[in-house]
Amino acid sequence: MTLPGAPSLARVGGALELDGHGLDGLGQRFGTPLYVYSRPAMLRALAAYQRALRGRPHLICYAMKANANLAVLQTFAQAGCGFDIVSGGELERVLAAGGQPDRVVFSGVGKTRAEMRQALRAGVRCFNVESLAELDSLDAVARALGCRAPVSLRINPDVDAGTHPYISTGLKGNKFGIAHDQALAAYRHAASLPGLQVVGIDCHIGSQIVQVAPYLDALDRLLDLVEAVEAEGIALQHVDVGGGLGIAYGTEQPPDAADLVAALLARLDARGHGARELLFEPGRSLVGNAGVLVTEVLVLKPGEQKNFCIVDAAMNDLLRPAMYEAWMAIEPCVQRAGAAVRWDVVGPVCESGDWLGRDRALVVAPGDRLAVLSAGAYGMAMASNYNSRPRAAEVMVDAGGVHLVREREQAERLFDGEHLLPGAA
Ligand code: LLP
């Protein structure tokens, strides 16, 4: 089997390595649970989009919700990437990592006025606006600051991305975007507001999408609107097709970024929109296969119905299996000889939903380290302190070395900012 994350991830003489660094040794050196990211793998994933878009007006805005570590953001900023943000906190992070505000698009269905002010002062490239009410608030905030807010309207194209219901966003029943049949009126309204400057149109139909067809359907729906809006004299500089491209966790066969981009460019050309600037908001496809979560086996608990392999990483470290029943590959960091047994790999958290993998054939012993693969996206980003568990450390590797890019959280820091009641000691 090819490891997801290859060629950065490889098995060499029984030991799993990321860019030549043994994961078992990294787990020993930095402790577990430990996220390990490959910088070259991230840059390769970005380069695939960049190559496919060469010579075309475009901006790739990394959807930083997938993995917001400063070193990850710095890596992409230095490679010329823009960013898709969804909160004031993400804006602060991206600026701290050296991202350029004029390459930032601000998405999200519920922005506060304070966040709007913060983003206007920073000078973001545009706001992806999701409702008529948001247009009015943004107009008021911008006028109070004496500026005009650049806006793109997020359209809900009502296409089925064929993905998990929790991460499907482009259907009528979702909370996201402005309905296609209300979009023209919304553009007229936006164009009439003095605090706004209409600059584009966008959509985002879901995540972990493994087909090209839903993207083409969504693009067609957007282009229909572009034509209708421009016919009324409202110019649109860019078309933003969102993110969502899937990765292989196991047997999935998502299209390459290059194939997706080529198909979209061909459709733009065919409809006479070849000169229009194209924006992408990829998250998972830039970082997912570039990261692993290393965890240590604490206890083996064979049982009558099930065998449990209890590890030191839990749902608070990696929520995707518990939340979406997501399947993620689990591999021993060092292979050992023996007969494989089927284990449910579970964490120490007090919930039956706390599992990382079910029914996995593994040869393991207590003290062994395992790696959960394809954990670079929505892993650490969704980690919590449930059960008062400090969050994991993060390390980034490249050919030159190993960099600790986030220290392991200290338990005593977890109650910083909390207060005992007065009186009782
Ligand atoms: N743009 C917008 C407006 C989004 O809401 C998202 C993701 C993206 C871009 C990036 O999508 P991507 O390329 O990463 O698929 N926690 C879930 C995924 C949630 C995605 C939310 N929105 C998971 O672990 O599968």
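Treat the numbers as computed from the prediction; the structure is a model and nothing was measured. Start at 1 and go down the list; that is how both ligands and their atoms are numbered.
- Between Glu394 and the options Leu404, Asn69, Val36, a side chain to side chain contact (heavy atoms under 4.5 Å, CB included) holds for only Asn69.
- Under 4.0 Å from ligand 1, the heavy atoms of Pro282 that appear belong solely to its backbone.
- Under a 4.0 Å criterion applied to the non-hydrogen atoms of Arg320, ligand 1 contributes the atoms 23 (C), 24 (O), 25 (O).
- Ion pair Arg143/Asp139 flagged as a salt bridge, since at least one NZ, NE, NH1 or NH2 atom sits closer than 4.0 Å to an Asp/Glu carboxylate oxygen.
- Between Arg154 and ligand 1, a contact under 3.5 Å exists for no N or O pair.
- By the 4.0 Å N-to-carboxylate-O rule, Lys306 lies too far from Asp359 to be salt-bridged with it.
- At a heavy-atom cutoff of 4.0 Å, ligand 1 is contacted by no atom of Met323, backbone or side chain.
- At a 3.5 angstrom cut-off on N or O pairs, Ser107 does not count as close to ligand 1.
- Relative to the ring axis of Phe127, Lys111 does not place its NZ or CZ within 45° and under 6.0 Å from the centre.
- The part of Asp84 lying near ligand 1 is the side chain, judged by heavy-atom distances below 4.0 Å.
- Geometrically, ligand 1 and Gly283 share a nitrogen or oxygen pair separated by less than 3.5 Å.
- Under the 4.0 Å criterion applied to side-chain N and carboxylate O atoms, Arg267 and Asp220 are assigned as salt-bridge partners.
- Among the atoms of Gly244, some N or O lies under 3.5 angstrom from an N or O of ligand 1.
- The residue among Gln208, Arg284, His204, Met382 with a heavy atom at the shortest distance from atom 25 (O) of ligand 1 is Arg284.
- Between Glu227 and Arg271 a salt bridge is recorded (basic side-chain N to carboxylate O distance below 4.0 Å).
- Within the listing of ligand 1, atoms 9 (C), 13 (O) sit less than 4.0 angstrom from a heavy atom of Gly243.
- Close contacts between ligand 1 and Ala63 involve ligand atoms 8 (C), 9 (C), 10 (C) [criterion: under 4.0 Å to a heavy atom].
- Atom CD1 of Ile60 is separated from atom OH of Tyr49 by 8.0 Å, given to the nearest 0.5 angstrom.
- In this structure, the separation between SG on Cys126 and CZ on Arg103 is 14.5 Å, given to the nearest 0.5 Å.
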